[in-house]
Structure formats: C-alpha cells, structure tokens
Amino acid sequence: MPSMTPKKRTLDSFFTSSSPAKKQRTEPSLENAFNHPTYPFPVPSLPDTIIEKLNTSPAGSSKRINDQPDLDLLYHHSFIHKDIARDLFDFLRQHLFFYRVHYKIKRGPSEHSISTPRYTTVFGVDSTSAFSPTPSNHLIDPLSGHPVPKDRYKCRPRPLPSCLQHLCRTTEESTLETFNFCLVNYYADGADSISFHSDDEHFLSPEPAIASFSLGARRDFLMKHKAAVPPNKDDAEPVSSSTAGDGKGKDNDSSSSSSLKFVLQSGDMLLMRGKTQTCWLHSIPKRKGVEGPRAGRINITFRKAVKREGTENYYRYNVGDGEPYRWDEKRGEMVVWKKEG
DNA sequence: AAGAATGCAGCGCT
DNA sequence: CAGCGCTGCATTCT
C-alpha cells in the first residue's frame, strides 16, 4: 500500500484555519520600490523578515527522481520555509501585475478565441541582451555594453523586480544553474489550469533546467511521457497497461507506470532538467473543490532562453496586449488595474 | 449488504 | 491548446 496521503483534501483545506491573529500587515514602503517604464506600477522590495528566511533556503529536504526513462527531477519539499511561504505568496499576489491573455488559434477553417485559464506575467530577456544595472535598467548588448537597437524586439522586455531577483539568485545558488527568465502564473482556483505541454521550446538550451516554485494552494501536478515508449515493437509489453484495476489508494509518485502525480505544496520547488522537457509532458489539471479564499496558487518558474524568439514568445503568451490585473484584497480577486484610479 | 445515484477525473474530438 | 461532452470509476446515499 504505497499511498502516502490518505487525507481528505477538501475537508483539510476547509478547516485548517491557520494561526489565529498573526496577520501582521507589513506595508512595504514605495521608496525602495522597483519601477521600470514597462511596469504598470512599481513593485516594492521584500520585507526583511522574508529576505532573512529566504536566505536560508532551501529549508526542507530534496529528493532526486530519475527512476523513469528520460526523467530527471529534483523535488525540494519546502524549499521555501513554511513560516514565510504564505507571506511570500501574499506579497507576490498583492504586488505583482498579472494578465489574462486572450489569443486566437485556427482550427482548420474556423478561428477560435482562447482565453488562457490562469493569470500570467513574465520578466526577463534572453541571453542575447541584458539589463543595465539599476536604476535605469535599459536593454544593453551583453558584450559591447551598448544599448540594443530599438527594433531588436517587438515586445518590451521587463527586468525582474527585486523581490524576484532575490528568489532567482537563491535558486541559482542552490541549483548551480543560471536563469534569465521568470514566468509567474496565478491559478485563482480549481477552475484555472494548464493542459499537458512541455517547455521544450527551441529557444531554450538543449536540455534546459527549469526551476518551478509552488506557493499557496496545493495542486496536482501530472506528468506523462510523450511518445508512448520508443517505437520498439519487439518488446512485447507485458500486460502492464493499467495497474489501477483493483482501485486502491492513489499513489503520490513514482514506481509503476508512465504517469506520475505530485501534490505540489506551498514552498515546494521542482527542478526539471536533462531530457525531462524533451520526453515528458506536464500539466496542472482542473480540480473540483478547490475554491474559496485559500484556493489561489502561485507558480514561479525560472529558466534560461538563449534566442530572441524566446523573448518574443514569452511576452506574447504571458503578457499579451490586454490590461494588467492586480489583486484586490477586499474583493478577494484579481481586478483590472487602471492607472490613476 | 447491495443496487442506485452522484461526483469527478480522463479522454477524444473540435 | 482550451473547452466541452461523453464515459467509466469510485464514493456516497438509501
């Protein structure tokens, strides 16, 4: 009986009222706020209380998961300290701007309108450019140091705000990787999702390392490999197909078949590397019962793009051309943010 | 104790 | 890829 989480999720999330009155509103001053012409509004820097704890990351233990073909994961449970995970979640949800990207796809003859089922935002630029040091933060050529030509990008790349720079550095030190992009997703509740895909874009390096953080609500993270096993017909596959015949508990991960499930919790970090992106798909499926004030989840990924198209692509699909959203604490939801209002 | 009703997750098609 | 409808499974209800 390999199942490790026999708990009822729905009940849990409903009744685990955290510590009573511990909500200490740390109102960050706007003096240290990070601003940039591409930002709709300035993003303050992290409170010292969070920074101190962040500096001691990773907090929990990590587990190497490579017992499947072409899979190489490093799963940090509680990379971010339990006692600041919620504060960091609140901070980012409150102070970052997000987008609900709409785009059109063509399916045969007809065109279909798609609204991305999650809030997204992105910072960074591919390695053919760099941001000059603060405060100006304009785009320069990393070799010459000269400003890049105006028409190098159609989009307008944004530097990481200091709060994300901090987390990025911590992650780089821990993983011994380097990153130049930060994508942030906000899943408002169980209706928000991302379907199976892989981050195998050609503008990333060949075997990209991608660090993925979870904050806020727990959500299932599904993985399955792409080509149902190398096209090798001689190995008459044993009748393994469904091990679920006797409907027992639900495993959390690994062993048996080709489909994995992780219940990602607040503070966790999953590092995907090697051939993982080339050979595996992952998704955050929609889930019933994930609703209410604690249903929100933030996902932060760090990665490295080495081509300009990467920059264009990420800004197109994670910022788009719509209005920015900002968290409204009173309403408990994202609302369209308008300047001067 | 066992069949019926309900709720979900997963899959295929668009 | 998102979104929807259909299907099978499993848990709950009676």
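So that the names make sense, note that chain A is the first sequence line, chain B the second, and so on, each numbered from 1. Just so we're clear, the structure is a prediction, and the values are computed from it rather than from any experiment.
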Exercise for the section: Describe the nucleic acid contact of H197(A) in one word from base, sugar-phosphate, nothing, applying a heavy-atom distance below 4.0 Å. Expected result: sugar-phosphate
Give the rounded distance in Å between these two atoms: [atom1] of [X] and [atom2] of [N].
| X | N | atom1 | atom2 | answer |
| --- | --- | --- | --- | --- |
| E291(A) | dG7(B) | CD | C1' | 13 Å |
| K104(A) | dG3(C) | NZ | C1' | 16 Å |
| D199(A) | dC1(C) | CG | C1' | 14 Å |
| N185(A) | dC1(C) | CG | P | 14 Å |
| R219(A) | dA9(B) | CZ | C1' | 13 Å |
| I284(A) | dA9(B) | CD1 | P | 14 Å |
| K106(A) | dT14(B) | NZ | C1' | 16 Å |
| K288(A) | dG10(B) | NZ | P | 13 Å |

Problem - For T276(A), all residues meeting side-chain hydrogen bond (donor to acceptor under 3.5 Å, both in side chains), sequence neighbours excluded - result: none
Completion exercise
Stems field, DNA chain C, Watson-Crick or wobble, 3.5 Å, at least 3 pairs, by first number, holds B:2-14 with C:2-14
Problem - K286(A), nearest nucleotide to its side chain (from dC1(C), dA9(B), dG3(C)) - result: dG3(C)
Handout entry: Side chain of S115(A) (C-beta onward), nearest among dC8(B), dG3(C), dC1(C)
Key = dG3(C)
Practice task
Measure from NZ or CZ of K224(A) to the centre of the six-membered ring of F196(A) and say whether it is under 6.0 Å with the direction within 45° of the ring axis.
Solution key: yes
Problem - side chain to side chain contact (heavy atoms under 4.5 Å, CB included), paired with F123(A), selected from T38(A), L160(A), L183(A), V43(A) - result: L160(A)
Practice task
Check F98(A), F97(A), Y99(A), F41(A) against W337(A) for a ring-ring contact (aromatic ring centres under 6.0 Å, His included) and give me the one that passes.
Solution key: F41(A)
Practice task
Go through the structure and list residues passing salt bridge (charged side-chain N to carboxylate O under 4.0 Å, His left out) with R316(A), not counting sequence neighbours.
Solution key: none
Practice task
Mind checking salt bridge (charged side-chain N to carboxylate O under 4.0 Å, His left out) for R100(A) and listing every partner two or more places apart, or none if nothing turns up?
Solution key: D192(A)
Exercise for the section: Verify the contact: side-chain N or O of R107(A) to OP1 or OP2 of dC4(C), cut-off strictly under 4.0 Å; return yes or no. Expected result: no
Exercise for the section: Name all residues meeting the side-chain contact (heavy atoms from CB on, under 4.5 Å) criterion together with S115(A); count only those two or more places apart in sequence or in a different chain, and write none if there are none. Expected result: H102(A)
Exercise for the section: Step through the shown structure and confirm whether more than 12 heavy atoms of other residues, nucleotides or ligands are within 6.0 Å of CG on D321(A). Expected result: no
Handout entry: Distance flag, aromatic centroids of H138(A) and F131(A), threshold under 6.0 Å
Key = no
Practice task
Name every residue in residues 311-323 of chain A that has at least one heavy atom under 4.0 Å from any atom of DNA chain C, in order of residue number, or write none if there are no such residues.
Solution key: none
